[in-house]
Amino acid sequence: MTEIKKMYNEMGISDEVYDFSKEISESLIQRFQKIDIIAEYNQLKVTRAMQKNQVSEAHFTTTTGYGYNDLGRDTLEKVYADVFHTEDALVRPQITCGTHALSIALSANLRPGDKMVYISGKPYDTLEEVIGIRESRGSLYEYGITYAQVDLLANGEFDFDGIKEAITPDVKLVGIQRSKGYATRPTLSVKKIGQVISFIKSIYPDVIVMVDNCYGEFVETIEPSDVGADMIVGSLIKNPGGGLAPIGGYICGKKECIENCAYRLTTPGLGKEVGANLGVITSFYQGLFLAPTVVASALKGAIFAANLFEKFHFKVIPDGNESRHDIIQAIEFGNPECVVAFCKGIQAAAPVDSHLTPEPWDMPGYDAPVIMAAGAFVSGSSIELSADGPIKPPYAVYFQGGLTWQHAKLGILKAFQNMVDDELITLK
Ligand SMILES: *Cc1c(COP(=O)(O)O)cnc(C)c1O
């Protein structure tokens, strides 16, 4: 197709870069077919749940005020519960982000004197203040909830011996983070999460297992709730919002856990009965409907990038052949120039704000300047193509998202082209 090459040319992609990448995308056809089959399965799963609950136009009605009898909201929560095979769900625009959802899940199900243990190593940064690992006002620690942590073994596996030792009878809740987040450990497969949950439940059947499911939804055909998790938690401006949800979070799980969460989100007594949808409800339904294929697109972009940059001997995590359990791709460039060139390329490919140039800046809470690239329809949405890199060794960028594979590809090619133009890498 010469037209497409010409179009890429016009968008700043040289023949050499295009030809080089073409070989890589062609080598990935079979891999992509497998991803499409997972998406097909998950599309059926979501559609069946919507049909079972007889989703209809009446459910797209905006509610305001208290939001009593919000049929759209209540039905959506039934749909989520069916998709994730849980007894109940809380899916709300009043949950402001993933951290908030996790904070609700923890604070709702723990009481003063309880203990929680994270068994997948240090949790995502923002949770440190929620838990009180870093001193913070209003943390769980201030409310007399104690915390312990079991790190993953050096090979990235769960430390079963350490877990057995750490989970004493006073432990009420165990936390597991599925995605690596911004650490360089492998992401945990749902199967591995299932094995460790069975192990824990065989010793203490009553302990609550919560899984931080951020970035993992629809990457596989099963979810942590299919393998014994009592609660799974995530953000709607990541995978399950499908790029359309403008805000929100979800918690799916056992009835009692979700009831506790609802009482914490609103108030004791009111629980799930209040919370108007403010007109975002259609985007929640439609985003969930699109999520399986959007996640597949993001995965294809991540795999394409891994295979491309691996050719230049950069360390890519996961590597080009590894099985995928979340949508994040890390690339260690080893120098700041590559990080900047990469992020500028991602920005230049965006449908929104492509004319802006990202620069490293000293963000509050970080110990090094960070460069961020995002040209998103929903501010901060990381299911849309986005990248960020702290300007410090090992000079890694973390990138994720892409509402369509074709757009993720353009972003990666722009990043690649920038690095070729700046003579940071040479095409043989
Ligand atoms: C993004 C993320 C969070 C926090 O979600 P926010 O929406 O950014 O608050 C928590 N855990 C993991 C693993 C994440 O990827």
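Both ligands and their constituent atoms are indexed starting at 1 by order of listing. Being a predicted model, the structure only gives us computed values, none of them experimental.
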- Message: Distance check, rounded to the nearest 0.5 Å: Tyr215 atom OH versus Ser382 atom OG?
- Response: 3.0 Å
- Message: Checking a contact table here: which protein heavy atom is nearest atom 6 (P) of ligand 1, and how many Å away?
- Response: Gly98 N, 3.5 Å
- Item | Aromatic ring pairing Tyr80/Tyr250, orientation class (parallel under 30°, perpendicular over 60°, tilted between) | tilted
- Look at atom CD of Gln406 and say whether more than 12 heavy atoms of other residues, nucleotides or ligands are closer to it than 6.0 Å. yes
- Arg178 vs Asp326, salt bridge (charged side-chain N to carboxylate O under 4.0 Å, His left out): CA-CA, chis, key distance, verdict: CA-CA 8 Å; Arg178 178 173 175 184; Asp326 70 9; over 6 Å; no
- Within less than 4.0 angstrom of ligand 1, does Lys180 place any heavy atom? no
- Message: Any heavy-atom pair between the side chains of Met116 and Lys172 that's under 4.5 Å?
- Response: no
- Item | Heavy-atom nearest neighbour in the protein, as seen from atom 9 (O) of ligand 1, with distance rounded to 0.1 Å | Thr99 OG1, 2.5 Å
- Note on the structure: Within 4.0 Å of some non-hydrogen atom of Leu102, the atoms of ligand 1 are 10 (C)
- Query: Where does the angle between the aromatic ring planes of His59 and Tyr285 fall among parallel (under 30°), tilted (30 to 60°) and perpendicular (over 60°)?
  - Reply: parallel
- Task: For ligand 1, note which part of Lys238 has a heavy atom under 4.0 Å away: side chain, backbone, both or neither.
- Result: side chain
- Just one of Phe312, Phe416, Phe309 clears the ring pair (Phe, Tyr, Trp, His ring centres under 6.0 Å) bar with Phe342, so which one? Phe309
- Item | atom 11 (N) of ligand 1 [closest protein heavy-atom partner, distance rounded to 0.1 Å] | Asp212 OD2, 2.6 Å
- Query: Atoms of ligand 1 less than 4.0 Å from Tyr215 heavy atoms?
  - Reply: 15 (O)
- Where's the contact between Leu127 and ligand 1, heavy-atom distance under 4.0 Å: side chain, backbone, both or neither? neither
- Query: Below 4.0 Å from any atom of ligand 1, is there a heavy atom belonging to Asp326?
  - Reply: no
- Item | ligand 1 atoms in contact with Gln177 (distance to a heavy atom under 4.0 Å) | 13 (C)
